[in-house]
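Residue numbers begin at 1 in each chain, while the letters A, B, ... track the order of the sequences.
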Amino acid sequence: MSATPGDNRLNLCIQCGSCGGSCPSGAEMDHTPRRLFALIRADAREAVLRSNAPWYCVSCYYCTVRCPQEIHITDVMYTLKSMAIKAGLFHDAALPGFSETFVDYVEKYGRSFELGLATRFNLRHHPLSLAGMAPLGLGMLKRGRMDLTPHRIDGMAQLTAILDKAKALEGGLQ
Amino acid sequence: MQRNARPYLDSLLAIREDIDLELQEIEDWNCCGATEYMSVHRVAAHALVGRNLALARDQARDTDLLTAGCSACYLNLAKTDAQMREDAGLKDTVNQALAAGGLEYEPGAMKVRHLLDLVCHDIGYDAVKARVVKPLHGLKVAAYYGCQVVRPDYDSRWDSHEHPTAMDKLLAALGAEPVEWSLKTQCCGGHMSVIGPDVAFGLIRRLIHGAQEAGADLVVTLCPMCQLNLDAYQVEMNKHFHTDYQVPVLYFTQLMGLAFGKKPKDLGIGKEFVDAAPALAKIQAEAPKVAEAKRKRRPKPGDALPMPGME
Amino acid sequence: MAGQELIEQDIHEQQLTRVVVAACSPHLHEKTFRGVCERSGMNPYLSEMASIREHVAWVHTDKVAATAKAKAIVSGTVERVLKNDPLEAIRVPIDAQTLVVGGGIAGIQAALEVAEAGYDVYLIEREASLGGHMAQFDKTFPTLDCAACILTPKMASAGAHPKVHLFTWSEVEKVEGFVGNYTVTVKKKPRYVDEDICTGCGICVEKCPVLVVDDKFEAGIGYRKAIYWPFAQAVPNLPVLDTETCTYYIGGKGGCRACEKFCPTVPNSIKFDQKEERVTLKVGNIILATGWDLFNARRIPQYGYGRLANVFTNLELERMCNAAGPTGGKVVLRDGQTAPKRVGIVHCVGSRDRNYNRHCSAICCMQSLKTAHLVKERTGAEVYNFYIDIRTPGKEYDEFYQRVLDDGVHFVRGKVAEISDIPFDPAEASRNGAGTLYIQVEDTLAGMQRRIPVDMVVLAAGLEPRRDSSEVGKTFGIACSSNGWFIEKHAKMDPIATMTEGVFVAGCAGGPKDIPASVSQGSAAAARVLNYIRQGELALEPVRASVLEERCSGCRICNGLCPFNAISFIEERKVTEINAALCQGCGTCVAACPAGAIQGTGFSNEQLFAQIEGLLRDVNRSHEPEVV
Ligand SMILES: Cc1cc2nc3c(=O)[nH]c(=O)nc-3n(C[C@H](O)[C@H](O)[C@H](O)COP(=O)(O)OP(=O)(O)OC[C@H]3O[C@@H](n4cnc5c(N)ncnc54)[C@H](O)[C@@H]3O)c2cc1C
Ligand code: SF4
Ligand code: SF4
Ligand code: SF4
Ligand code: SF4
């Protein structure tokens, strides 16, 4: 948790529920952000890292700007996701999959690639739902809004070097 | 902006001379990581964005302004810059990573601004108004800001995180009539449209329905992700709920182009999923007459109570 | 043996000529220890305090370094006290007249207490009537007494008391002098109604054709005329004319004049040519009771105040519940007719939130319970209170909470996230009907997000310092804390006095509080003032600046700098002179004089250099070059 800027503020949480009340995904979360913070304080590590909440966070930052204690809630959600991935504890294997797939593309091509992302994501996790998504993807092609082939940036070697180094440093931090 | 948001880019290119905006694309930019990368590798995520910041700084000619039209790109650039400024440890780590690619970035060197912020606050409403040749009279528009441009707003660029007015003022300067509605900064569903469509469909329906209820002919956005969710997924949402909403969603740059007298085709109008043509047909040559305010008579018991002003 | 006795004993036994007490800051106990010296036959100014609490114990964690610092501070003070001269306290007479600023409940109470003791009081109120916020309320918690029934008699006695000299529609412009001898300039704004002739018949108000929203007394939900009564029980019972809305003034002094035409008095009471007046008063003490301002709920856009018609503030509800208010005591929606069936009351609006104010406004939990009770009683609506914590720590307060629970009011623990007029989906819309407001909140005890449909929302906006508190503070020479409330001399031991002798604070001017606490502080401030008046004179610190004429070059640099106007220039001799009675020993001129001609008693160069020497003794030693 110490990797998140400002997350040492979690002990300031007064459990008011502004975050849980504001969250557009709040109704779908097994634990609201507020409850997650109570669980963190109660050392309920597994319950926290298995929660679907961080994966349902849409980064709307409502909680962050409304929190009366100025806790950087959205950033804490990011940290919880990466901790859950490392610990191999996710609520639903499909959820981290999206982030990882996205990251894969970025690492391979330097840019995300919507068609590939949506297909790869659907293929890996919800094969049956792919048919339903097809019209949308095709619509994008027809209108010249989505590329059929991913575009690779020129400085890929440079980017890879930077990311490798960053990950090494990150590893060193923990 | 290159693909997904072609109409955004086209319309921006079409109007940039009118508003004296000189743009220079960062050569060989990489993806900002959207919201996803941050969840997997925090330092790498900042390094990824740091590369763009460093490239921008190196390539910038006579400017320190870096603008993005996408909420997520804008937020990530602003966030990396802000957090590197605040956290010296992070700044060092990111720079060590960048050094592996022969780059370096001093936080604060670039001023990261969203395109709308530049248009409204630097170019200004008066300059925009001066360029209007075909005012959008009679067009009722719902200005939709979404989340990540006005929040968390590291450098206090906006008048409100919850109920901003900058785009409304811009649209009014174009002659359109911005409607008052409560959902200006509510979530469009973000990536939930891909990972949890049911959640996203609910959020999209609320926005589209809310805009329609407020009397808007169309929704105006400032971000490709929001545009995609509200436009393309509006069609999916209609299927899901068996509804038939037809609220077109355009970029503010497209409306600026129209008011500046550009051809719709050159502004990428027609590429949207929900056809904007019927809404745009409502544009009139004359400004609609505003009914004169009624004179106040003496209040009697049972009369409406005065409404508090917004100031 | 107690510490003081020990010192006394040592002074006698060891024949001490100087004393240094290393303890807390001199603010609190310098007087105590000077008293000890005086009792033991020493000149009290030959003692000094070394502050090793505020300057050391409270601000450091490294014990070793802190101890070294404490030693250095003590050593500096020892060097300094050696250079102290024996001084005599300056005695000043105390003027027996008192100034009270602010005619809310706290100010009224203070003024009446002083007046009852037989001394003259000038009560200055900025608005056109006494009463303050309490005059706006319907009932008061926890006993639900009618506010007017308990306030009006006090206002009337203050208005009628021969010792209370009332200045309404007035403000203090300038304060000069010092404790016991203040000279105050009061600005009387023109009322355009002659106080001496007007009989208060009210025909002018009736005839005035201009109707405007009254956003002061009626909190924006009622109307008043251009010439108007602040409210029915106003003291003094005089109308006031508002030039910003009056047809005559808007028209550049042309048109209307109906009020004048119908005024029955001879000569006419309406005086369009009345001018601002200045009155100079001599007073010995000042009590500031300027009260609070309501948090501007528009600052939280997600609560919709100003945008959503049926979102109200607590103050609007107070007016609505009041039988003399715009709705005749009916609780209705903004349409003026419909009684709400579902009402949500939101606690902590603008309080306990780092985005707005960090403080707890102290009264809004009780006020929200009161509102819940009144709404329930008048409409039978389902009432929901949304709270983070229920704070009811007063006499009979928690009992009142119990009563409201018993009323069947629902309590939801959660800070409200947002209030929206837009249903989430068609099902929600058809369930709740048009015009519903949705209160979105996490019910933290049930552990789930809820959207509670209501017809009306009441925001418990918090108390804030007066928006002009820092300017007012400057006028009276006192400071505001970082959040804007006036700072008391000591938060626990002296919450009424301020750092400026002779200036006291009472009521909400010093921080949020309820009526009982405001009344108590009004009485307490009066007691402090009466104590000074009875003493007749006061001993002042003999810390004063003086000019060594032979060194003064006559450059006049210091002349304009004195905040107390104590410096004058003697033309004949071309030197500057300082009036010891006016000088407060602030030291501004001492520091400014390029010739070093001004000495501050108690802060001579000799004393300061000795202190610095003492402080640095150890440092100098450790930096001495080692000789090998
Ligand atoms: C909605 C609401 C309901 C409440 N209900 C209750 C209740 O039921 N029971 C209870 O105990 N408490 C209640 N309170 C708290 C109560 O309002 C305060 O305790 C009380 O008003 C404090 O009195 P005061 O004299 O300090 O301040 P105020 O009432 O604010 O009076 C200050 C006066 O000073 C004047 N003034 C200000 N500045 C100047 C200046 N520079 N020069 C001259 N005059 C000036 C003002 O015009 C005003 O008349 C409630 C508060 C709110 C918001
Ligand atoms: S909004 Fe902030 S203080 Fe309130 S529960 Fe959430 S994290 Fe805690
Ligand atoms: S940022 Fe994430 S956790 Fe916070 S309110 Fe938005 S979706 Fe919920
Ligand atoms: S002159 Fe002014 S105050 Fe008098 S009646 Fe006319 S509008 Fe009203
Ligand atoms: S008194 Fe109650 S409602 Fe008011 S700020 Fe304090 S906790 Fe909140």
Nearest atoms (heavy-atom pairs only) where [X] meets [Y]:
{"X": "Arg352(C)", "Y": "Ile14(A)", "value": "NH2-CD1, 4.5 Å"}
{"X": "Glu442(C)", "Y": "Thr32(A)", "value": "OE2-OG1, 2.5 Å"}
{"X": "Ala417(C)", "Y": "Gly21(A)", "value": "CB-C, 3.3 Å"}

Is the shortest side-chain heavy-atom distance between [X] and [Y] below 4.5 Å?
{"X": "Arg66(A)", "Y": "Glu418(C)", "value": "yes"}
{"X": "Arg354(C)", "Y": "Ile71(A)", "value": "no"}
{"X": "Pro68(A)", "Y": "Lys415(C)", "value": "yes"}

Asn355(C) vs Glu70(A), side chain to side chain contact (heavy atoms under 4.5 Å, CB included): CA-CA, chis, key distance, verdict: CA-CA 8 Å; Asn355(C) 299 301; Glu70(A) 296 178 340; 3.9 Å; yes
Rounded distance [0.5 Å steps], SG in Cys16(A) versus CG in Asp389(C):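 Rounded to the nearest 0.5 Å, the SG-CG separation comes out at 10.0 Å.
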Distance, nearest 0.5 Å, that separates CD of Gln449(C) from OG of Ser25(A): 9.0 Å
Short side-chain to backbone donor-acceptor contact, Gln15(A) and Thr444(C), under 3.5 Å: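 Flag not set: sc Gln15(A) to bb Thr444(C) has no pair under 3.5 Å.
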Neighbour count >12 (heavy atoms, 6.0 Å) for atom CZ, Arg431(C):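 Counting other residues, nucleotides and ligands, CZ of Arg431(C) exceeds 12 neighbours.
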Proximal component of Cys63(A), with respect to chain C [non-hydrogen, under 4.5 Å]: neither
Tell me which donor-acceptor pairs under 3.5 Å the side chains of residues 35-49 of chain A have, and how far apart each pair is, sequence neighbours excluded?
unit_1, atom_1, unit_2, atom_2, d
Arg41(A), NH2, Cys13(A), O, 2.5
Glu46(A), OE2, Arg50(A), NE, 2.9
Glu46(A), OE2, Arg50(A), NH2, 2.9

